[in-house]
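Side chains included, hydrogens not; waters and symmetry mates left out as well; all remaining heavy atoms used.
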Amino acid sequence: MTTLPEKTRAPAPKRSFSDLLLTLGRPLLRISLFLYLREVRDGVYPRDLPVRTLAGSRTLTLLFFGDITVSGHGVLSYGLTVEARTSDFVAAATDRGVHWDVVSAADLTMAQVAGRSTLDAQGVDVVLLLMGIPDVLLITRSEQWARDLRCVVAAVKREAGEDARVVVAGIPPMSDFRPIPSPLRGLIDKQVHRLNEASRAVAESDDSVVYLPFPIERVSEMYIQQQFSWRTMHALWARSLADAVVARLP
């Protein structure tokens, strides 16, 4: 009788200690996602009508995608949002008109943007992606994040043309903006770092993409009498975003 050799099994992929911690922490982060969605649902938002055009010649068109970062969370006027302030700074720096559109949802993920049938990016000069909070709490793997980001970049080029630029904003240091227990804080910080590094790697491989870290060095300025100021955060972040946009214009 001939004995058939046993099939050789491929070794299981090694999981790092960081991956193990994130897996064990998934239930805690799911709870944090629930609390985050409840908090933003009941939060402060602009009460006036949005104005999304600044008059001027040779109008630039910007398109913002984001979660609460571009929803106006924490401010009472659309003029104080990060997208409006970014547009203000771009207009002042270029002496040009600016028009901008916004796609926002509290639970918007990179995969959802990548899965859209269209980004409605025709005629857009710069797409700004202020994404990541839901992906951090959903423990989106960095490899998946990078694949989805590349899909978004490809869609921008198809719809807006090869000259269009994409600015990927670094995910803010979420644990600095609200009290979070130490074990959970470590998990969130690590996940923020993983996704930001994935964004950086995509930008380094594509000249049409720029990765812009969140201005962490200015976080202390975002507090007024120990209270976090969304208005100040929007303004400081917008300044960095505007500088990145202007630097990428032809």
Are Y45 and Y78 connected into the same hydrophobic cluster when the rule is that any two of I, L, V, M, F, W, Y join if their side-chain heavy atoms are below 4.5 Å apart? no
Below 4.0 angstrom, N of the basic side chain to O of the carboxylate: do R194 and E197 qualify? no
Any carboxylate oxygen within less than 4.0 angstrom of a Lys/Arg side-chain nitrogen, looking at R141 and D135?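 The answer is no: the pair does not qualify as a salt bridge.
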Determine whether the side chains of [X] and [Y] contain a donor N or O and an acceptor N or O closer than 3.5 Å.
X	Y	result
S199	W145	yes
T118	E159	yes
H99	T59	no
S77	D48	yes

Only one of V166, D101, V70, L119 forms a side-chain contact (heavy atoms from CB on, under 4.5 Å) with F65, so which one is it?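 Per the side-chain contact (heavy atoms from CB on, under 4.5 Å) rule, the option paired with F65 is L119, out of V166, D101, V70, L119.
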Positive for side-chain contact (heavy atoms from CB on, under 4.5 Å) with V192, one of L195, D189, N196: N196
When you look at CZ of R248, are more than 12 heavy atoms from neighbouring residues, nucleotides or ligands closer to it than 6.0 Å? yes
Apply side-chain hydrogen bond (donor to acceptor under 3.5 Å, both in side chains) to R147 and Q144, showing your working. CA-CA 5 Å; R147 284 195 295 270; Q144 184 63 52; 2.8 Å; yes
Kindly indicate whether a cation-pi arrangement holds for R239 with F89, taking the cut-offs as under 6.0 Å to the six-membered ring centre and within 45° of the axis.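 Yes.
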